[in-house]
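None of the values given here were measured: they were computed from a predicted structure. Computation of the quantities below employed the complete heavy-atom set of this structure, encompassing side-chain atoms and omitting hydrogens, waters and symmetry-equivalent molecules.
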Amino acid sequence: MGITKDYLKYEHAGSCGCVGSTNGQLVAVDGQTVAVSANEYLNFYNMRTTEKVNEIIESTKPITCVRQCENKPLLAIGYADGSVKLFNQEMEDSEPIMFSGHKKSVNCIEFSSDGLLFATGGKDGVIVLWDILAERGMFRLHGHKESVTQMKFVRGDRFIISTSKDSLIKFWSIASQSCFYTVMDSRNEIYSMSLHRDESILVAATAELELLVFELHWRNGEIFEQEVKTEEPSAKRGTEDEKDVESLANMANRYISTTLRGRVIRQSKGRALQLVATHDDRFLVCVGADKVADVYRVFSEAESAKRLTKKLKSAKRKATSDSSTVSEGDVAKDVTILVTRIGEMALPHKIKWIDVVKSVKTDGSNLIYKWYALLTDNTVHWVKMNIETTSNAVECDSVGNLDKLGHREDVRALCVSSSSSLLASGGGSEVIVWSTHSLRSSLTLTDNDVKDIVAVNFVPGDNYILTGGKNGEIGVFELSSAELVETRKAHTGAIWTIQNTPDNEGFITASADQTVKFWSFVLITEGSRKRISIREQKVLELPDEALAASFSPDGKFLVVALLNNTCSVYFVDTLKFFVSLYGHSLPVTCVDIAPTSKLCVTGSVDKSVKVWGLDFGDCHKSFHAHDDAVTSVLFCPGEEQLFWSAGKDGKIKQWDAVKFILVQSLDRHTSDIRCLAQFSNGSVMFSASHDKSIRCWEKTDEMVIVEEREEMEREEEYEKKLIDEEDVVAGENADNEAGVASSRTSSSVVSAENIIQAVDIVRNEKVQREEDPNHKPHPLIGAYSSKSLDHFIVDVIAKCRASDLDRALLLLPLNYIADILLAIASCTQQKYKAEFCTHVALYLTRVHLSHIIASSEYVTIFEQMKAKMPEGIEKLRDVTGTNLAALRLLAAEMEDREQVKMFAQIELGDEKSTKKKKGRKAVLKTLGNANLHL
């Protein structure tokens, strides 16, 4: 067979079954729409109709965090590879902006109040600040030793507060790019925080069973001495050395002092995962590792004053009866004056993430909030919370859920109908029947008598489904009525395999009770209708527990995988033992036989896959197939002798059982793969995983050339090593708190290589043009449609992604800088991408300043830049000024004619941000002067 006929590529064609990832998040879009992360998908669901209305899929990496901007239609999605993609929800067809600044997954995202900046915190302990308008990073902040869990912009976006698993709360100044204050009161990991009462109260959620409540005292920049906190016992405050470290770290602080007001108890078990405040800042919900979320009330200053008066009166009454004295200061220390627990939100399963809808419905003294809760059992609940403000009574009702869109527990078995139109998935106590064309749930089969399903199978005719459970019971479901019509206690152990016999007149069950039983289908009459029933035919006794079994297509052999590391082959007609397949070092978990009935493949916990000949039981080949236990093997239909293997490493691999080579690898799953199933013609394959997803893989017409695949894998490994190398910026101190925002990625390395290639092409072109005036230009120059060689260099640099530009420029060798600066000077003089050219020139000059000062060859270069660049910038300013004056005149004429003030709303907004505008003008003026001095 020719290599072009052997192998065709399988591609990912869709996914279903996963409502929300185990480590996923959700965002409340509006009163009835919620966005939920499901592996690499962000799915939008209408909770009223329980239908998926939209989805975002822009990466093959799983989503780790989602954040929506409150003031602008922006949605930021963080991925496990450390990248962030920014989407404009009003412009659905626009490409997302990509930012890469973390080495590990992104943990949290926070937008500034004006929606012009956003910060990302990662598992690498780094905070990166990004400029949305410029589409590039500003700087990164080092300081946390563990992963960053949450961030908040405060005081008009001048500062950032961050929490981390290193138990620290840090306050960062954006202007100085440094940490000016650190709170060390927590002795446990901090997972979340919440700000209240105009950023004067901070509530922190830790691994303890209490919430920490801090009072923040903001200053106007004057120097003040650190206050000694006498409220805490010395044992809690730590040693004197720790105090010295804290005071030393906070010496530059002129803005804030904090006081630990107290601790509020919570009822939910385990660590506190999340704090979510309502948008009116009156209530706070704390999510723990439990089914229950605690609801707290945050009192305003007026309400706190009333509570203090009441508590003081009560304390004085008690003091009078006890003949003791009480002071107002002692009563004021009670933290429940600020925050107190008033109730709980109870749901059927553990809560992973929650979010609240902005709108609040008021009914007298009742406030009604709508919440979305992502549960760890792969569903989302729509919760209506009713709070009576006078009595603080809390009532929570689940008014909707997405239970029907997926399994509550792992899918342990898959089976495709003989017509290839239906797919049955079994897991937990239910079977879901999916349409193979739309990948939507069409039927859910469940019954109280059926539990712990680990095997499913379609009865020939596709009108009934058989289920096998861990309790040894067989269930028969009728699809037309969606009812359980029969159950049978078939085994005393788990039924791991149900397979139809080759003649389709019965089926077998392989069980952990060391037996394989043969069953036949019989037609019985119940009242006025007929239905299928099952009847036991014969029993095959085994030497050990059966983990899997498979018939040969010709009906001659039955191969049973055993717990004793071997496979036993039996004759189907006589049930006599034929041969034992031994060679695995650990139990055999799966087995399948080729369509030709001559080869058998087995997979084991020892991570290997072995190919056997059924003529003599000899091992043809053994592959070290996976990095973890092999869970499923499946031969492809046809004469090619190809088979699939799946393992707990999350990979699916296709092998050639004759040539003994790896054909292709599919790796979209993020966790253990449980089972595989395919169409009878092999055109479509399905896989189910511990990540809750059922994925569809479709055979394409694209051919797989094994040599090319191997070459691509080597290139990917090389790129990965290149990216994982120590990311050092020349001249930058590794211990600095602030650094370059972007990190080295494959795209930034490629961009740097493209710039180097462009400069080399320009150098060669100049030499060849001098030698041959009729020389034809390089094809790349024509591809970019560049006017000149200088324009070509600028065009190649401009082609870099904005977020990768700074890192790409850092990767350039020093001997290429001079050519780039000269090209930039020439293009700026001609007003070609002047703003972009100025940014690149300033950045390269700042990075290589020490070398430029020390080298005499750059004197002439900067003389040319000084002569050319201001000329182009001045021309551009003149044109811009003329156009602006003309637009103002046009606006004045339209206002006179229409008698309507234009842009009134914008002007109103500008009055509030006069100081910001002055600051921006100063920055622009400084940049302009810098450009002129160049």
**Message:** Any non-hydrogen side-chain atom of I127 less than 4.5 Å from a side-chain atom of W172?
**Reply:** yes
**Item:** Sub-4.5 Å side-chain heavy-atom contact between F44 and I56
**Value:**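 Yes, side chains in contact.
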Do [X] and [Y] get their side chains close enough for a donor-acceptor pair, meaning under 3.5 Å?
{"X": "D377", "Y": "T379", "answer": "no"}
{"X": "S113", "Y": "D157", "answer": "yes"}
{"X": "E388", "Y": "S365", "answer": "yes"}
{"X": "Y369", "Y": "D280", "answer": "yes"}
{"X": "T376", "Y": "H349", "answer": "yes"}
{"X": "S398", "Y": "H381", "answer": "yes"}
{"X": "S21", "Y": "N23", "answer": "no"}
{"X": "S304", "Y": "R197", "answer": "yes"}
{"X": "S200", "Y": "D198", "answer": "no"}

salt_bridge([X], [Y]) N-O dist < 4.0 Å:
{"X": "E51", "Y": "R48", "result": "no"}
{"X": "E208", "Y": "R187", "result": "no"}
{"X": "K358", "Y": "E70", "result": "no"}
{"X": "E40", "Y": "K61", "result": "no"}
{"X": "E210", "Y": "R266", "result": "no"}

**Message:** Around atom NZ of K123, are there more than 12 heavy atoms from other residues, nucleotides or ligands closer than 6.0 Å?
**Reply:** no
**Item:** K384 NZ: over 12 foreign heavy atoms closer than 6.0 Å
**Value:** no
**Prompt:** Do Q68 and Q89 pass the side-chain hydrogen bond (donor to acceptor under 3.5 Å, both in side chains) test, and can you show the C-alpha distance, the side-chain angles, and the key distance before you say yes or no?
**Reply:** CA-CA 10 Å; Q68 191 173 27; Q89 292 176 286; 3.1 Å; yes
**Asked** Ring centres of Y255 and F180 under 6.0 Å apart?
**Response** yes
**Request:** Check whether the ring centres of F171 and F159 lie less than 6.0 Å apart, and answer yes or no.
**Result:** no
**Asked** From D290 CG over to S268 OG, what is the distance, rounded to the nearest 0.5 angstrom?
**Response**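 It comes to 6.0 Å.
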**Prompt:** Once the angle between the rings of F118 and F111 is folded into 0 to 90°, is it parallel (under 30°), tilted (30 to 60°) or perpendicular (over 60°)?
**Reply:**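 Correct class here is tilted.
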